[in-house]
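Take a look at the structure below.
Throughout, protein chains are lettered first and strands after them, A, B, ... in sequence-line order, and every chain is numbered starting at 1. Not measured: the values here are computed from a predicted model.
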Amino acid sequence: MDMAFIIETIIKIVVILLVFSALAGLGTYFERKVLAFMQRRLGPMHVGPFGLLQVAADGIKLFTKEDIIPQNVVKPIFKIAPVITAATAFMAAAAIPFWPEFSAFGYKVHPIVADINVGILYVLGIMAVGLYGPLLGGMASANKFSLISAARSAAVFISYEVISGLALLAPLMMVGSLSLIDINNYQAGGIGNWIVWSQPVAFILFWIAAFAETGRTPFHLIANDHEIIDGFGTEYSGMRWGLFFIGEYANMFFISFVIAIIFLGGFGDGSIAGAFQLLLKVSFFFFFFLWTRAAWPDVRPDQLMWLCWKVLMPLAVVNIVITGLVMMF
Amino acid sequence: MQHNEPLNDRNVSEQSPYFYVDIEAYPTTGWDKFKQVIKRSFKGELFVGLWVVMREMIKFDIHTVQYPKEKLPIGPRYRAVHKLLRLWESGYERCIGCGLCEKICISDCIRMDTKIDENSRKEVTEYSINLGRCIFCGYCAEVCPELAIVHGQRYENGSEQRAHFVIKDDMLTPLDWLTSGQQAEFPGFGAITPNESVTKTPLAY
Ligand code: SF4
Ligand code: SF4
């Protein structure tokens, strides 16, 4: 392993960390603005032009707030849980190609930290590990609302891992590779080649599962403010709570990238236009997360489980069987 | 200025705009439930919701009042912190110290002190309202025969304690305000109905 490779990788990691931490902050700004406009409000207005610096104000607030560790919590686990959420969210980013290859200063840059051949499996696996953030944080909090939230997060994450895994199986059978770059190149021919046309059911299923795995609104019951306060985040304060937040928003961005790359052609043939198209697609999926939050009510936990096991999972299995049959004959 | 609130008939009937919402009976058999799921899945109700919020976002019909910068007008009958008014012509205090307001106040929060001055007029030396107890019922303004104690429109009050007294100096219209015409006649609770016989001051008729 030569020095140049190590340096390049470290630079890439730092860039991704910085960019997506900042984006997570900006994401909260966009979320507030979009939700406000959809509800005929103005959203943040006072800090900076159009409230843009609200993000900075929140950052300062989160960093300087007292870090309260309540008396009865299991301290080491309580302290480590937010780190798990944030860390796993960013670790998942390692196998995601954010941009096609380009050359800068005569040096070829692959904007992916590690093009491993099990890319998507790695991404899904790490996102599944993210379950331990809410689960451990909620169980260690010595608070009944956190405990309910921990139980719910375990149920939701594990159920919807099944859906996202099964939904992805069909497209992966067609592509024959787990690397996100291979999946992207499979659809390089243009809009007609996008997997969403041949696998619409898998696309919808994976999209639904993405909502559950990021804990966004129709499936927001892990931290449902109106019934269990802030769920696993109830006892947290300051930057530890902020880490949960960054993790959630980073996850939203990464899962948007994953959906766009797997189903909507990613960055296409790797041209600059393709790259910007990828950003557009990702923005749409991110926007959709906010959009549904304004429009749709939350479902009950039992409805969520019902949807998962009685509707989505059979559909995913049928989809795989049909895909397999079509590929065989 | 007469304002008549139209009577809203909230009883459900043929004429009223209120009606009972149709609620379908819940399905009982498995097959009915299945049909309901299918119907709801493909009816596209979710997209109606998405469209509604998107439409509002595109119309950008923002209803926010950015409060400290812009304020909503308050109604003439709004009962905010009290004011003691002065006579327009002479600038004397309108209050004649009759004590009716002190008597009628149901929270017993008005305190006043009077004396006979050298012109044998009754003079109000102290007048205070304990805002910690005042319930802003408006009885004092209604009972006052001279329109002396009225409710103002000042609703932005900051104080360390709610119970801080509203003393006479706070409520009484300052003389320079009177001369510059800043004393507004009270159009709300207990106010006179304007007609030709009333010129400037209620006392004049
Ligand atoms: S508004 Fe009512 S409670 Fe307040 S001082 Fe007048 S009479 Fe008393
Ligand atoms: S009722 Fe009016 S005139 Fe009589 S004491 Fe009270 S404020 Fe003065």
Side-chain angles (χ1 to χ4, degrees), chain A residues 30-51 54 200-201 204-205 207-208 211 216-220 283-300 302-316 318-319, chain B residues 5 8 17-75 78 153-160:
Chain A
F30 283 121
E31 167 153 38
R32 288 186 213 177
K33 274 294 190 194
V34 167
L35 283 183
F37 292 158
M38 287 181 170
Q39 296 161 351
R40 293 191 187 167
R41 294 184 286 110
L42 278 172
M45 283 296 287
H46 292 294
V47 194
F50 304 105
Q54 185 69 45
V201 179
I204 303 277
L205 292 183
W207 203 358
I208 294 176
F211 275 90
R216 296 297 300 183
T217 266
F219 308 143
H220 186 233
S283 318
F284 169 75
F285 282 111
F286 186 78
F287 176 72
F288 199 82
F289 276 121
L290 314 182
W291 193 2
T292 53
R293 183 159 180 199
W296 292 348
D298 273 316
V299 298
R300 285 199 315 264
D302 64 311
Q303 289 171 328
L304 190 64
M305 291 295 114
W306 172 86
L307 183 70
C308 173
W309 295 108
K310 287 194 181 163
V311 182
L312 300 183
M313 200 196 62
L315 274 179
V318 168
N319 189 39
Chain B
E5 186 86 7
N8 227 343
Y18 291 81
F19 59 91
Y20 289 114
V21 181
D22 272 337
I23 297 177
E24 286 174 41
Y26 286 114
T28 45
T29 63
W31 175 240
D32 283 346
K33 282 183 187 165
F34 180 73
K35 278 196 297 188
Q36 190 191 42
V37 168
I38 296 292
K39 206 173 93 190
R40 288 186 175 170
S41 307
F42 291 100
K43 223 168 124 189
E45 281 168 339
L46 287 176
F47 295 98
V48 176
L50 284 181
W51 162 242
V52 167
V53 288
M54 186 46 113
R55 185 188 65 203
E56 293 308 323
M57 183 161 157
I58 293 170
K59 276 205 302 202
F60 207 69
D61 184 16
I62 302 294
H63 284 219
T64 302
V65 178
Q66 290 181 276
Y67 162 62
K69 283 189 228 155
E70 41 182 15
K71 291 174 186 165
L72 288 177
I74 55 177
Y78 191 85
Q153 314 260 310
R154 187 163 64 95
Y155 57 87
E156 292 160 311
N157 310 296
S159 172
E160 284 154 17

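Among all heavy-atom pairs drawn from A:M38 and B:E56, the shortest one is O-CB, 3.8 Å.
Within 6.0 Å of CZ in A:R41 there are more than 12 heavy atoms belonging to other residues, nucleotides or ligands. Around atom CZ of B:F34, no more than 12 heavy atoms belonging to other residues, nucleotides or ligands sit under 6.0 Å away. Residue-environment remark: CZ (B:F42) stays at or below the threshold of 12 foreign heavy atoms within 6.0 Å. Counting heavy-atom neighbours within 6.0 Å of B:F47 CZ, excluding the residue itself, gives a total of 12 or less. Atom CZ of A:F50 is surrounded by 12 or fewer heavy atoms from other residues, nucleotides or ligands within 6.0 Å.
Between A:W291 and B:M54, the closest side-chain pair of non-hydrogen atoms falls below 4.5 Å. Between A:L42 and B:Q66, the closest side-chain pair of non-hydrogen atoms falls below 4.5 Å.
Looking only at heavy-atom pairs under 4.5 Å with chain A, the residue among B:R55, B:H63, B:K59 that has the most is B:H63. Between chain B and the options A:A295, A:P218, A:P297, A:A36, heavy-atom pairs under 4.5 Å are most frequent for A:A295. Per-residue heavy-atom pair counts under 4.5 Å with chain A were compared for B:V48, B:T64, B:L50, B:D61, and the maximum is reached by B:L50.
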Practice task
Report the C-alpha separation of B:M57 and A:Q39 in whole Å, then their side-chain angles, then the decisive distance to 0.1 Å, and conclude whether the side chain to side chain contact (heavy atoms under 4.5 Å, CB included) test is met.
Solution key: CA-CA 8 Å; B:M57 183 161 157; A:Q39 296 161 351; over 6 Å; no

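Proximity to chain A is limited to the side chain of B:V37, based on heavy atoms less than 4.5 angstrom apart.
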